[in-house]
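The structure appears right after this line, and notes come after that.
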Amino acid sequence: MSVGPEEDNVTSLNLAVAGAYSIVPEQLLEIMIKLSKSSLFQHRTVKELLWGYTDPMLKGTVGLFAPYNGTYDGYYTVYTGKNNISKVGIIDRWKGNRILDFWDDKYCNMINGTDASSFHPFVDKKEALYFFSSDICRSVSAGFKESKDLKGIEVYRYTLLPSTLAAPNDNPDNACFCKNLKTTKNCTLAGVLDISSCQGGKPIYISLPHFLYGSPSLRENVLGLNPNEDHHYTFLDVEPTTGFTFRFAKRIQVNMMYGPSKYITVLKKVKDYTIFPIVWLNETAALDDETADMFKTELISRIEMLDLTQKALLGTGVSIFVLCLIAYTVDRSFRNRIF
């Protein structure tokens, strides 16, 4: 992960050229590139890449989070759990719709689960947890990995499975997420998700950082990539009694695609379609100490007290039963001697 001020200069793929590659006719794009003296790569500050700059070719603001900064992803309608506690937090509608329209398939357009901030109470390790992420325009599931201790609270760690971004030949359920046969090598490319259908046609691909779980060819095309599961996987730490997510790390990589062209000068030497990393994000949060102490006092201590009370009542009941049994036995023995 990069550490430094936003004023640092970096060399990056030209967002405007790569973005226009799949949208603008090649002959027209070649004219636009020449008139603006643009190239395939550019030098920009981190601040410009993230929050936007005026692009000479498009004559407008271009940036990874422009105009995302200061916006929201739409309103959600969720179940309260009033009539069925197992449905609490589950998304019923997003932007007024029960299904998406990004994919050409009913399965891929399903909105499943919650927003990942919470799930139903009494989570079972054996079940998968489903949630919808508007960032990647689809629903995903997470599987139980291990139990962890978070500030004295037991939580269940759930992680995205390698099958989430697997190629359709390994996970047939992903077939409807494959949009471009050329760039995905006939849908055999693993580890990336083409979200151009929900990004206005711009060739944007989402992956885990450093193409974790991705096809080897993705890393062969770009130098300096070293996937590490401990540093690059996405996880949720869920408290099983309440179903609340107490810690998470959402790690995604934003990539753009470019490829060969007979007409565009800066692309004439490109031999194959390349999915090039732009930035990877590590969005993390965890329960603070004050809230953890309150949780342990208000819930865990009371559950432990209830457990002790149950054991005490059980012990008392067993003791009374034993005393009654002894009394009954003594009484029967006494009666037998008299009669």
Side-chain angles (χ1 to χ4, degrees), residues 1-6 8 10 46-47 49-51 63-66 68-74 76 89 91 113-119 123 125 128-162 164-165 191-193 195 204-214 224-255 277-296:
M1 184 167 58
S2 300
V3 177
E6 289 187 333
D8 281 352
V10 295
V46 173
K47 184 177 182 179
L49 283 174
L50 293 178
W51 311 118
L64 290 171
F65 300 115
Y68 186 84
N69 192 31
T71 63
Y72 80 111
D73 65 342
Y76 291 77
I91 299 169
T114 71
D115 65 351
S117 63
S118 66
F119 300 91
V123 173
K125 296 178 183 179
L129 297 181
Y130 293 87
F131 57 94
F132 168 71
S133 173
S134 62
D135 292 335
I136 62 174
C137 313
R138 62 167 288 189
S139 300
V140 295
S141 64
F144 174 80
K145 182 180 182 181
E146 59 184 332
S147 293
K148 304 284 286 186
D149 181 275
L150 175 61
K151 303 180 188 297
I153 303 170
E154 183 188 18
V155 292
Y156 291 172
R157 174 156 294 184
Y158 281 79
T159 64
L160 289 184
L161 303 176
T164 303
L165 296 177
V192 293
L193 175 67
I195 62 169
I204 299 175
Y205 288 72
I206 294 296
S207 70
L208 293 176
H210 291 245
F211 294 123
L212 179 67
Y213 307 140
L225 298 180
N226 297 290
N228 183 305
E229 188 172 60
D230 291 336
H231 297 150
H232 300 145
Y233 77 125
T234 290
F235 68 81
L236 305 167
D237 285 347
V238 180
E239 198 286 312
T241 303
T242 61
F244 292 153
T245 300
F246 278 0
R247 178 170 57 190
F248 74 88
K250 183 172 73 173
R251 295 156 174 162
I252 59 173
Q253 181 172 290
V254 180
N255 314 275
I278 304 298
V279 64
W280 77 268
L281 313 171
N282 184 12
E283 182 182 343
T284 60
L287 187 71
D288 62 86
D289 293 338
E290 183 180 353
T291 306
D293 291 338
M294 183 184 69
F295 180 83
K296 287 184 285 187

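Since the model is a prediction, treat every value here as computed from it, not as a measurement. Residue numbers run from 1 in the order of the sequence given.
With rounding to the nearest 0.5 angstrom, the OG1 atom of T241 is 10.0 Å from the CD1 atom of I153. Put simply, CH2 on W280 and CG on L225 are 12.0 Å apart, with the number rounded to the nearest 0.5 Å. Note that the CZ atom of F235 and the OH atom of Y158 stand 15.0 Å from one another [nearest 0.5 Å]. Here the straight-line distance linking atom CD1 of I204 with atom CG of L193 works out to 11.5 Å at 0.5 Å rounding. Between the CD1 atom of I195 and the CD1 atom of I206 there is a distance of 4.0 Å, given to the nearest 0.5 Å. Separating the CG atom in N226 from the NE2 atom in H231 is a distance of 12.0 Å, to the nearest 0.5 Å.
Within the structure, salt bridge (charged side-chain N to carboxylate O under 4.0 Å, His left out) pairs that include any residue of residues 140-150 do not occur (at least two apart or interchain). Within the structure, salt bridge (charged side-chain N to carboxylate O under 4.0 Å, His left out) contacts touching residues 284-294 (residues at least two apart or in different chains) are K151-D289, D293-K296.
Side-chain atoms of Y205 and Q253, non-hydrogen and from C-beta on, never get closer than 4.5 Å to each other. In this structure the side chain of V155 never reaches within 4.5 angstrom of the side chain of L287, judged on heavy atoms.
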task = Starting from the C-alpha separation in whole Å, work towards a yes-or-no answer on side chain to side chain contact (heavy atoms under 4.5 Å, CB included) for F119 and L236.
result = CA-CA 11 Å; F119 300 91; L236 305 167; 4.0 Å; yes
ask   = So N255 and F211, side chain to side chain contact (heavy atoms under 4.5 Å, CB included) or not? Walk me through it.
value = CA-CA 10 Å; N255 314 275; F211 294 123; 3.4 Å; yes
key: Worked check of side chain to side chain contact (heavy atoms under 4.5 Å, CB included) between Y233 and L212   = CA-CA 8 Å; Y233 77 125; L212 179 67; 4.0 Å; yes
Chi angles and distances behind the side chain to side chain contact (heavy atoms under 4.5 Å, CB included) call for I91, F131 = CA-CA 9 Å; I91 299 169; F131 57 94; over 6 Å; no
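For T114 (side chain) and S118 (main-chain N/O), a donor-acceptor pair under 3.5 Å exists by modelled atom type. T234 places no side-chain N or O within donor-acceptor distance of the main-chain N or O of K250, the cut-off being under 3.5 Å.
Residues forming a side-chain contact (heavy atoms from CB on, under 4.5 Å) with V279 (at least two apart in sequence, or on another chain): L64, V254, L281. Among residues two or more places apart in sequence or in another chain, the side-chain contact (heavy atoms from CB on, under 4.5 Å) test is passed with S147 by K125, F144, E154, Y156. Remark: D230 pairs with N228 by the side-chain contact (heavy atoms from CB on, under 4.5 Å) rule, at least two apart or across chains. Among residues two or more places apart in sequence or in another chain, the side-chain contact (heavy atoms from CB on, under 4.5 Å) test is passed with L161 by S163, T164.
By the neighbour-count criterion of 12 heavy atoms within 6.0 Å, atom CZ of F244 is sparsely surrounded, having that number or fewer from other residues, nucleotides or ligands.
H232 and H210 have parallel rings, their planes meeting at less than 30° on a 0 to 90° scale where 60° marks the start of perpendicular.
Annotation for S207 and G191: closest pair CB-O, 3.1 Å, computed over non-hydrogen atoms. When all heavy atoms are compared, the tightest approach of S141 to L160 is O-CD2, 3.6 Å. Heavy-atom minimum distance, F132 versus R138: CD1-O, 3.4 Å.
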